[in-house]
There are 4 protein chains.
Amino acid sequence: MPWKEPSKARERIAAEKRGAIIREAARAFNRRGYHGTNLDEVAERLGITKPALYYYVKDKESLLLACHEIAIEIAMEAVARANRQGGGADERLGNVLHHYVRGLTDDLRGCVVLMEEGALGPANLRRLKRQRDVYEGALREIVRDGMAEGVFVRCDEKVAVFVILGAVNWISKWYAADGPRGSEELAGMISAQLVRGLRIGPTEGALLPDSERRGEAV
Amino acid sequence: MPWKEPSKARERIAAEKRGAIIREAARAFNRRGYHGTNLDEVAERLGITKPALYYYVKDKESLLLACHEIAIEIAMEAVARANRQGGGADERLGNVLHHYVRGLTDDLRGCVVLMEEGALGPANLRRLKRQRDVYEGALREIVRDGMAEGVFVRCDEKVAVFVILGAVNWISKWYAADGPRGSEELAGMISAQLVRGLRIGPTEGALLPDSERRGEAV
Amino acid sequence: MPWKEPSKARERIAAEKRGAIIREAARAFNRRGYHGTNLDEVAERLGITKPALYYYVKDKESLLLACHEIAIEIAMEAVARANRQGGGADERLGNVLHHYVRGLTDDLRGCVVLMEEGALGPANLRRLKRQRDVYEGALREIVRDGMAEGVFVRCDEKVAVFVILGAVNWISKWYAADGPRGSEELAGMISAQLVRGLRIGPTEGALLPDSERRGEAV
Amino acid sequence: MPWKEPSKARERIAAEKRGAIIREAARAFNRRGYHGTNLDEVAERLGITKPALYYYVKDKESLLLACHEIAIEIAMEAVARANRQGGGADERLGNVLHHYVRGLTDDLRGCVVLMEEGALGPANLRRLKRQRDVYEGALREIVRDGMAEGVFVRCDEKVAVFVILGAVNWISKWYAADGPRGSEELAGMISAQLVRGLRIGPTEGALLPDSERRGEAV
DNA sequence: AATGAATGAGGGTTCATTCAT
DNA sequence: TATGAATGAACCCTCATTCAT
């Protein structure tokens with residue numbers, strides 16, 4: 001039925017345009033901050049005018065929200081895929097981070113999770129924090145698992161996860177899509193470094209009582 | 001000359017007030033971003049009015065600059081102290097990070113290095129980037145040293161340092177001065193985790209052929 | 001010429017659509033004011049899109065003009081019919097108002113004569129004011145007649161007519177087509193009250209010396 | 001204590017400026033409608049800039065609200081004063097309207113009660129409608145009293161009051177402070193005409209059964 | 001040393017209007 | 001005949017900054 005095609009095609013084009021707007025906005029938010037980003041520039045970089053942008057997007061805030069939602073989606077999918085792949089806590093953590101970094105760099109060119117206070121309205125903020133807490137909770141659980149399995153150093157899992165997320169979220173500040181390292185390579189390097197930061201070393205391991213050394217995967 | 005004393009005292013008081021303003025501004029910049037921060041709020045939190053603030057500070061930009069300069073100063077001093085303390089590359093890295101984290105959390109309650117583009121004028125930005133590059137360079141050198149010494153895993157030192165700095169700079173996003181962990185304790189946990197992320201593990205070290213354990217600039 | 005018929009039918013349909021648009025616009029103008037009315041809503045309430053609306057109407061301003069023209073037409077016809085019906089000044093005034101109120105409530109559901117400055121262009125505004133002055137002049141003449149006939153209290157006919165027109169034009173603010181009172185009933189009540197407001201009472205009439213009962217332009 | 005004077009004086013000046021802004025806004029709202037009014041013009045007519053205006057007023061909406069509140073206040077006081085003066089229902093109605101018209105023309109140069117939908121936020125609108133209903137209720141009660149007393153024609157008091165309020169609220173459309181009629185004179189003319197519109201006339205009175213003619217004041 | 005008042009510049013958002021289809 | 005998409009102009013509002021006091 002070729003007569004329905006135009007509408008479908010139009011819809012796809014519209015969705016693509018919306019996507020492009022969100023990606024460009026993400027880029028700008030990362031660089032200049034939410035309040036420092038002005039939609040005229042975003043529009044100009046896309047070769048459209050600001051009102052045209054408003055045809056696809058309700059609000060500046062909704063743009064930020066969309067960015068965050070994509071990031072959360074990437075995060076959640078990273079967790080899901082890593083869990084499906086299974087393995088010890090260290091492997092799982094490595095996989096989660098690998099998927100997450102790849103997602104961020106590929107889809108949002110290093111996304112925003114910068115969370116400037118006062119950027120999102122209270123309702124959106126609440127919802128987002130809830131989702132983010134789920135993600136953080138999943139990571140913390142992996143860290144706890146690793147400690148239980150004896151592959152991870154004993155530590156405060158909250159702080160440990162903050163450190164990891166800081167390293168990952170910061171990527172947007174220095175990642176250049178056209179840099180010398182590809183997305184895949186970077187994901188490997190970063191996740192390895194971060195997993196190693198928790199994995200039990202030769203010295204520490206020696207100090208652990210035997211009862212806690214069971215199930216080490218390394 | 002007793003008649004000069006009051007002036008000295010006044011100067012000290014003025015300097016302290018200036019310091020308080022900068023700290024409060026740092027707090028706000030961290031939370032809401034540079035452009036999201038409005039000076040009225042900063043002033044109000046200090047119990048003064050906005051014009052009073054302008055008596056002590058030339059500009060909004062100069063506030064940001066001062067924050068960055070303090071951070072750089074803390075960073076440089078951390079490097080200097082660690083170098084003075086000496087030790088292997090891993091120890092030195094640990095010491096640098098420990099000092100740095102302590103400085104940030106104590107003096108600026110988790111400082112701004114957020115570098116929103118367009119916040120600083122080009123001249124200031126250039127100067128700051130130069131200083132930051134010195135700091136990053138020092139860290140990279142330590143990492144290279146560690147690889148040469150065989151205590152650090154072989155890696156891209158640029159990426160490794162980005163990861164470390166990300167983790168550290170992100171602290172401002174979650175650090176609460178009244179949280180359960182003190183500044184000293186946190187500094188210890190964080191630096192340990194980050195050093196461990198580079199330190200060679202039992203397996204990795206053993207597997208490397210001797211030929212690859214020297215001169216490792218990737 | 002059967003081949004001309006469809007065109008005639010189409011014309012009628014188009015005219016009806018145009019009429020529906022104008023009525024809907026009148027409704028909106030009344031409720032939200034000219035500048036507060038947005039054509040998207042008008043179109044949506046009619047089940048069409050905004051560009052479709054532009055197919056039938058040149059301008060937003062032309063919509064307002066059309067509303068006013070209808071109102072003026074209703075007014076003029078009310079005067080003409082009342083004059084044809086004849087009778088004393090009080091009867092004539094009552095008839096005018098009765099016809100006018102009926103016309104407004106029936107055709108424009110309580111029309112706009114709200115005259116926001118800056119809504120109509122100068123040319124249209126001038127033309128409209130001229131027509132409106134004709135109407136007001138006709139009413140003032142009836143009032144003067146009434147005073148001359150001794151049926152109306154002596155008064156400033158300008159103010160008296162303003163009061164009357166205010167009461168009538170305000171109807172659009174409270175009239176609900178589905179309210180408890182029908183258009184006819186309301187027209188009766190309102191016109192009676194307004195005529196009574198000018199009609200000479202038992203006391204007033206009796207007390208006036210003859211000399212003052214003639215030639216009463218205040 | 002002359003040393004506190006400047007502050008007091010400043011406060012008075014500020015209050016006066018705020019008052020001037022509100023009056024000028026009322027004027028503009030009346031002429032151009034709420035949405036048709038642009039604050040730049042209001043400011044310009046006052047010889048200040050728009051941001052200066054925002055120093056005294058929170059919002060465009062708050063300006064409208066202030067206008068309405070003044071109108072309501074005038075209305076309520078008109079009712080209170082008329083009740084204090086006492087008299088038959090016709091006298092009371094006349095007094096209320098007289099006070100109201102004087103207040104409107106004097107304080108707001110013929111104020112806004114135009115109630116464009118969508119101009120006030122839902123909360124403010126609700127509050128305002130409640131107050132307006134109190135006023136309308138008071139007028140209706142006077143009309144009912146008048147019918148009970150036999151001084152007013154039998155009618156639907158709701159419609160009767162709508163007619164009266166329309167006539168009064170419309171004043172702002174034609175009142176010119178520098179016109180030929182003073183505020184006091186106009187108030188007298190208008191209230192007389194409107195009371196007469198309800199007062200029982202010679203004919204109507206004759207038709208009433210005796211039982212309903214008690215207590216007529218005329 | 002500090003404040004009330006004012007301003008210029010800029011950004012988010014809306015909307016009447018048009019055009020290609 | 002009707003629509004999706006786009007735009008220019010305008011408006012509300014905020015805020016860093018200054019000035020008279």
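Per chain, numbering begins at 1; letters A, B, ... match sequence-line order.
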What's the CG-P distance between L53(A) and dT7(F), to the nearest Å? 11 Å
Output yes when a side-chain donor or acceptor of K17(A) lies under 3.5 Å from a complementary backbone atom of L53(A), and no otherwise. no
Along DNA chain E (nearest heavy atom to each residue), the more 5'-positioned of L39(C) and D40(A): D40(A)
Separation of dT7(F) atom P from L46(A) atom CG, nearest Å, is 12 Å
Taking the minimum atom-to-atom distance to the side chain of Y54(D), which one of dC12(F), dA6(F), dA2(F) wins? dC12(F)
Nearest heavy atom decides the nucleotide; on that basis, is T37(A) or K60(C) closer to the 5' end of DNA chain E? T37(A)
Side-chain (T37(C)) to main-chain (A28(C)) donor-acceptor, under 3.5 angstrom: yes
Taking donor-acceptor contacts at under 3.5 Å, does the side chain of K50(A) reach the base of dG11(E)? no
Begin from the C-alpha positions of L128(B) and Q131(B) and carry the test side-chain contact (heavy atoms from CB on, under 4.5 Å) through to its verdict. CA-CA 5 Å; L128(B) 201 69; Q131(B) 296 180 294; 3.9 Å; yes
Classify K58(C) by what it touches in the nucleic acid, base, sugar-phosphate, or nothing, heavy-atom distance under 4.0 Å. nothing
Under 4.0 Å between a side-chain N or O of Y56(D) and OP1 or OP2 of dA6(E)? yes
What is the distance, rounded to the nearest whole Å, between atom NE2 of H35(C) and atom P of dC11(F)? 9 Å
Without swapping roles, check the side chain of K50(A) against the backbone of N38(A) for a donor-acceptor pair under 3.5 Å. no
DNA chain F: stems of at least 3 consecutive Watson-Crick or G-U pairs whose donor-acceptor distances fall under 3.5 Å: E:2-21 with F:2-21
Treating K60(B) as the side-chain partner and Y34(B) as the backbone partner, does any N or O pair qualify as donor plus acceptor under 3.5 Å? yes
Interatomic distance, R10(D) CZ vs dA6(E) C1' [rounded to whole Å]: 13 Å
Would you say Y55(B) places a side-chain N or O within less than 4.0 Å of OP1 or OP2 belonging to dA2(E)? no
Check the distance between dA2(F)'s P and R18(C)'s CZ and give it to me in whole angstrom. 15 Å
Closest nucleotide of DNA chain F for P51(C) versus for P51(D): which of these residues is on the 5' side? P51(C)
Could you tell me the separation between the CD atom of E11(B) and the C1' atom of dA1(E), rounded to a whole number of Å? 15 Å
Counting only N and O atoms by type, is there a donor-acceptor contact under 3.5 Å from the side chain of R18(A) to the main-chain atoms of Y56(A)? yes
Reference residue N124(D); test side-chain hydrogen bond (donor to acceptor under 3.5 Å, both in side chains); the match among K129(D), E61(D), E69(D), H68(D): E61(D)
